[in-house]
K.L.:
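Have a look at the structure that comes next, please.
Below, read A as the first sequence line, B as the second, and so on, with proteins coming before strands; counting in each chain starts at 1. The structure displayed is predicted, hence computed values, not measured ones.
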Protein chains: 2
Amino acid sequence: MAAPRRPRAATEEKKQRLLDATEEIMLEDGYAAVSSRRVAAAVGINAPLLHYYFPTIDDLFVAVLLRRSGRIVERMAEALASDEPLRAWWELASDPRGTALMVEMLAAANHRPVLKAEVGEIARDVRAMQVERLESLLAEYGVDRDEFPPVLVAATVQGLAFSAVQDLAAGYDTNPEDAIKAMVRFIDRLEAKRAAARR
Amino acid sequence: MAAPRRPRAATEEKKQRLLDATEEIMLEDGYAAVSSRRVAAAVGINAPLLHYYFPTIDDLFVAVLLRRSGRIVERMAEALASDEPLRAWWELASDPRGTALMVEMLAAANHRPVLKAEVGEIARDVRAMQVERLESLLAEYGVDRDEFPPVLVAATVQGLAFSAVQDLAAGYDTNPEDAIKAMVRFIDRLEAKRAAARR
DNA sequence: GTCTATATTGAGATAGAC
DNA sequence: GTCTATCTCAATATAGAC
């Protein structure tokens, strides 16, 4: 059997640069501003060549998503296994770049079936990780899991991060910094409580 | 002074139908699917005529936003003044149509400056209403406002509603129904507590 | 108000030379 | 791999007849 053809380093690196450029455009002007011409221009090639690397624009979006989500899954697993799982989760969830990008992906997925399927899988997997970890974690934080079941806590953490970061990034005067500060203080208390209970 | 020219009823009604059609398209295929051709086709006129009613596409989006937000502000004021303010707020915030539409507006606003300014004003006004009401309300629900300040509670309610409804609408397997049910049970308890305290 | 016709711009994508 | 040239389609918007 022939060994699978391995693209030279230069090729893989250009792919990465194209993904970087795509993310940049999505963050600055939204996913709808992503076009073959614009992405190509950003890395100094011309438009048709983009199709050499990514046959369709959907392929490009999916590649951006998969690269990101791979990192997210990794980092979420690390966060949930860390010393202060809730704090680490929150820091990951409220990372402005990652969050803003996922918001754009969510919006883009709403009318790109291929993307939608991919986003759905990732959303499901990440949520499952979080919920599973919360099963044992809630008791350690002293949270009553009848009152606040894992699925509610997970949706709340993620939803709050999304909305606060979105308002922050867009510059809306809803005082998202204050909401974030208050959330961090709340996490401080929970982590302290858990640390105390564990010794 | 000449009286301002009043468009005939038929004209106003057509405008409304155009706004209806635009909302429909945004909900089904996302804001990026809104185009003069498509909106015009949906109401049975041809594209250039749309520009008679709404000179630019931005004008169309802004008109959709203002019609919606007018209702939202009204209904939010009613909700916050009602017998069970938190429940009424939650019901409003988790209304699938309204929420999905605002998600699209938020996304669209990210790269349409005119829209962004309008969305920003509305976000600020609505949040201010909520926070002001929470100032006195939290104590009635027995919530410690040092631990959960109004701005955090408001962002949380809105963020959770956004994320749960988005997942629900998109069909993602993150069990949003369970999260929503748990939130409603939580609200049940808070409203019961407040009712008891008030008699 | 509503139409046809059209100007302009930019999108995604392919063919084929080098 | 990278280019030029080009096809096709659809977008926003305007002009002007009816």
K.L.:
Is the distance from OP1 or OP2 of C/dT4 to the nearest side-chain N or O of B/N46 less than 4.0 Å?
P.N.:
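Indeed, a polar side-chain atom of B/N46 lies that close.
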K.L.:
What is the separation between atom CZ on A/R38 and atom C1' on D/dA11, rounded to the nearest whole Å?
P.N.:
17 Å
K.L.:
So which nucleotide from D/dA13, C/dT2, D/dA11 ends up closest to the side chain of B/K14?
P.N.:
C/dT2
K.L.:
Given atom CZ of B/R112 and atom C1' of D/dT12, what is their separation to the nearest angstrom?
P.N.:
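One finds 10 Å between C1' of D/dT12 and CZ of B/R112, rounded.
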K.L.:
Do B/F186 and A/F148 have ring centres separated by under 6.0 Å?
P.N.:
yes
K.L.:
For B/E147, is there an ion pair with A/R189 - N to carboxylate O distance below 4.0 angstrom?
P.N.:
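Yes, charged N to carboxylate O under 4.0 Å.
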K.L.:
Rounding to a whole Å, what distance do you find between B/I45:CD1 and C/dC3:P?
P.N.:
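It is 7 Å, rounded to the nearest whole Å.
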K.L.:
Nearest-Å distance, CG (A/L49) to C1' (C/dT14)?
P.N.:
14 Å
K.L.:
For A/E121 and B/Y172, does a side-chain donor sit closer than 3.5 Å to a side-chain acceptor?
P.N.:
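Their side chains do not contain a donor-acceptor pair, so the 3.5 Å distance test is not met.
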K.L.:
Quick one: B/F61 CZ to D/dT12 C1', roughly how many Å, whole number?
P.N.:
13 Å
K.L.:
Can you tell me how far P of C/dG10 sits from CD1 of A/I25, to the nearest Å?
P.N.:
15 Å
K.L.:
Taking only side-chain N and O atoms of B/Y53, does any of them lie within less than 4.0 angstrom of OP1 or OP2 on C/dT2?
P.N.:
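Answer yes for this pair, as a side-chain N or O of B/Y53 is under 4.0 Å from OP1 or OP2.
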K.L.:
OP1 or OP2 of C/dA11 versus the side-chain N and O atoms of A/R37: is any pair under 4.0 Å?
P.N.:
yes
K.L.:
Does D/dA11 have OP1 or OP2 sitting under 4.0 Å from an N or O in the side chain of B/S36?
P.N.:
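For B/S36, the contact criterion (side-chain N or O under 4.0 Å from OP1 or OP2 of D/dA11) is not met.
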K.L.:
Classify A/P55 by what it touches in the nucleic acid, base, sugar-phosphate, or nothing, heavy-atom distance under 4.0 Å.
P.N.:
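Touches sugar-phosphate only.
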K.L.:
Does a donor on one side chain and an acceptor on the other come within less than 3.5 Å for A/Q158 and A/R127?
P.N.:
no
K.L.:
Measuring from atom OH of B/Y53 to atom CD1 of B/I45, what distance do you get when rounded to the nearest 0.5 angstrom?
P.N.:
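B/Y53 atom OH to B/I45 atom CD1 measures 6.5 Å (nearest 0.5 Å).
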K.L.:
Between atom CG in B/L60 and atom P in D/dA11, what is the gap in whole Å?
P.N.:
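My rounded result for the distance is 14 Å.
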K.L.:
So if I take every side-chain heavy atom of B/I57 and compare against D/dT12, C/dT2, D/dT2, which nucleotide ends up nearest?
P.N.:
D/dT12
K.L.:
Figure out the OH/P separation between A/Y52 and D/dT4, and round it to whole Å.
P.N.:
17 Å
